[in-house]
Amino acid sequence: MYNFTRPIVRIFWIVITLFVVILFMTYEAGTTGDAISPLAVQLRFGLALLLIVLSLLLFRWRTPRSDTGNVLLVLLFFFLFYSNNVFLGRIFDINIYTSMSLWIFVYMFFYSFFSITHVDAVIRDRVVFFYVILFLVLFLWNYYRVALSGMSHAFIESYFMLTIFPFVVLMRNSAKKLILIFLISLCVLLAAKRTGIVVLSVLLFLYFCHSLHGDFKRKMWLVLGLLVFIPCFGFMLDHFFSEEWGYVLNRFSSISDDGGSGRDIVYATLYKNIIGSTGTVGFFLGNGYNSVVWKSGIGFSAHNDFLEVFYDFGLVGFLIYISFVISLLCKIFNRKLSRELRFSTLLSVVVFILLSFFSHMILSTTSILCLCAFWGYVDAFLKCNFNSYE
């Protein structure tokens, strides 16, 4: 077993934890539209380049290559060095450097780390439990901070709870697993993100179906968990969060009126723009990062990564992006993985595709970090076949 008392490993987990805390506490500051100072741009650009270099070094250091890692590197370099080329009329946006370089670094780190390190499942589960509780505390802190100000807000931070779900399903302790699923469900409902609630419902349904095929002990835990989970959840919603639950129900009942916050109009507009540009340079190479916001006339994100990637990066960027999705789908059917790990991988792909189709995943959100960590973990297992992961 790997010695987790080594200073470098301690430092890594401390840095990751501090980053998560800072990310949650500064989330609102990043959405005010204030101009970023030149010094801040330079620092963030330097950090992005450093993370890219570290990713390349990690990918080469005592680590076999992975298909997902190869596609990610191609995707990263295409997005960064083409879309922000001001000489081609592209819009420079520092956010793509800091976000993409960060999540590709997380994938590379976890893939390289687990490729050369045996990690006991008990330690893995402790780390997962800690981070779910950390996400819970930070989410509730943000939730009540905004609620006390009298603002109505749909919390995209709840996506962190959804993207760590595949790790939670791998946990050995059934009681802890059910507790964490309960807490994740509560946060997603309080967040009032319709997409998040739909994704959660799909995950719970798949988890329920998967559990029916387990042994007798697993089935008993599932039945007991449901007998406790459903009444407790209903009681909490009815007595402590009745106003929030009413708001969620109103949001769903208004879908036919608002078209999913205008998504129907946005999707149709982007589709017509893309088809109308067939044969042009923009069709093949796109209009540049965040062009849906600044050039399409829509004024805000498409809330669909498939359409947004095509509009921003053209057919070339879209094909690279689809290659990344295909590399994820291939993991589901890989027979090297155990039944549990393949199921968790399926959940990770479901989360990614649903959130990509109805919200954000790769272009403007950092909640993909948890999925990148999971895919790095899975790919390390595929390349090295460490049975101690299970």
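Side chains included, hydrogens not; waters and symmetry mates left out as well; all remaining heavy atoms used. When a residue number appears, it is its place in the shown sequence, counting from 1. Predicted, not measured: the structure shown is a model, and the values here were computed from it.
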Distance-minimising heavy-atom pair for Val266 and Ala302: CG1-CA, 3.6 Å
Cluster companions of Val122 among Ile, Leu, Val, Met, Phe, Trp, Tyr (side-chain spacing under 4.5 Å): none
CG-OG1 distance between Leu307 and Thr269, expressed to the nearest 0.5 angstrom: 10.5 Å
Contact summary for Glu308 and Val292, nearest pair of heavy atoms: CG-CG2, 3.7 Å
Within 6.0 angstrom of Phe357 CZ, more than 12 heavy atoms from elsewhere: no
pair Val168-Lys176: side-chain heavy atoms closer than 4.5 Å: no
Under 3.5 Å: donor-acceptor pair, side chain of Ser359, backbone of Ser356: no
Close side-chain approach of Met171 and Leu180, heavy atoms under 4.5 Å: yes
Aromatic plane relationship, Tyr111 with Tyr107 - under 30° parallel, 30 to 60° tilted, over 60° perpendicular: parallel
From OG (Ser158) to CG (Leu186), nearest 0.5 Å: 11.5 Å
Lys336 charged N/C atom sitting above Phe381 aromatic ring, 6.0 Å / 45°: no
Partner residues of Phe352 under the ring pair (Phe, Tyr, Trp, His ring centres under 6.0 Å) criterion, sequence neighbours left out: Phe324, Trp375
Interatomic distance, Lys193 atom NZ to Leu200 atom CG [nearest 0.5 angstrom]: 14.5 Å
Any Asp312 side-chain heavy atom under 4.5 Å of Asn287 side chain: no
Trace of the side chain to side chain contact (heavy atoms under 4.5 Å, CB included) decision for Val199 with Phe165: CA-CA 11 Å; Val199 174; Phe165 197 95; over 6 Å; no
Distance in Å, His303 NE2 paired with Leu355 CG, rounded so as to fall on 0.5 Å steps: 11.5 Å
Test item: Ser66 and Leu382 side chains (from C-beta on) under 4.5 Å apart, heavy atoms: no
Straight-line distance of Ser367 OG to Tyr159 OH, nearest 0.5 Å: 8.0 Å
Residue list, ring pair (Phe, Tyr, Trp, His ring centres under 6.0 Å) with Phe283, at least two apart or on another chain: Phe310
Heavy-atom side-chain proximity of Leu354 to Thr195 below 4.5 angstrom: no
Side-chain touch Thr280/Ser277, heavy atoms, less than 4.5 angstrom: yes
Value rounded to 0.5 Å, distance of NZ in Lys177 from CZ in Phe167: 14.0 Å
Closest heavy-atom pair and its distance - Cys370, Ile164: CB-N, 4.1 Å
Cluster check Val137, Phe129: I/L/V/M/F/W/Y, side chain < 4.5 angstrom: yes
Main-chain N/O of Met361 paired with Asp305 side-chain donor or acceptor, under 3.5 Å: yes
ILVMFWY cluster, Ile133 and Phe135 together (side-chain gap under 4.5 Å): yes
Which atom of Val106 lies closest to which atom of Cys372, heavy atoms considered: CG1-CB, 4.3 Å
Side-chain donor-acceptor pair present, Tyr377, Thr345, cut-off under 3.5 Å: no
Candidate pair Val349 and Ile332, rule side chain to side chain contact (heavy atoms under 4.5 Å, CB included), full reasoning: CA-CA 8 Å; Val349 176; Ile332 301 174; 3.9 Å; yes
Under 3.5 Å side-chain donor-acceptor pair for Glu340 and His210: yes
Worked check of side chain to side chain contact (heavy atoms under 4.5 Å, CB included) between Leu204 and Ser185: CA-CA 9 Å; Leu204 292 177; Ser185 302; 4.0 Å; yes
Same apolar cluster (I L V M F W Y, side chains within < 4.5 Å links), Leu319/Ile275: no
Whether over 12 other heavy atoms sit under 6.0 Å from Asp125 CG: yes
Cluster overlap Val127 with Leu170, hydrophobic side-chain contacts below 4.5 Å: yes
Side chain Ser348, main chain Leu371, donor-acceptor under 3.5 Å: no
Evaluation steps, side chain to side chain contact (heavy atoms under 4.5 Å, CB included), between Leu138 and Phe160: CA-CA 11 Å; Leu138 293 172; Phe160 277 88; over 6 Å; no
Lys331 side chain to Thr68 side chain, donor-acceptor N/O pair below 3.5 angstrom: yes
In one Ile/Leu/Val/Met/Phe/Trp/Tyr side-chain cluster, 4.5 Å: Val71, Val74: yes
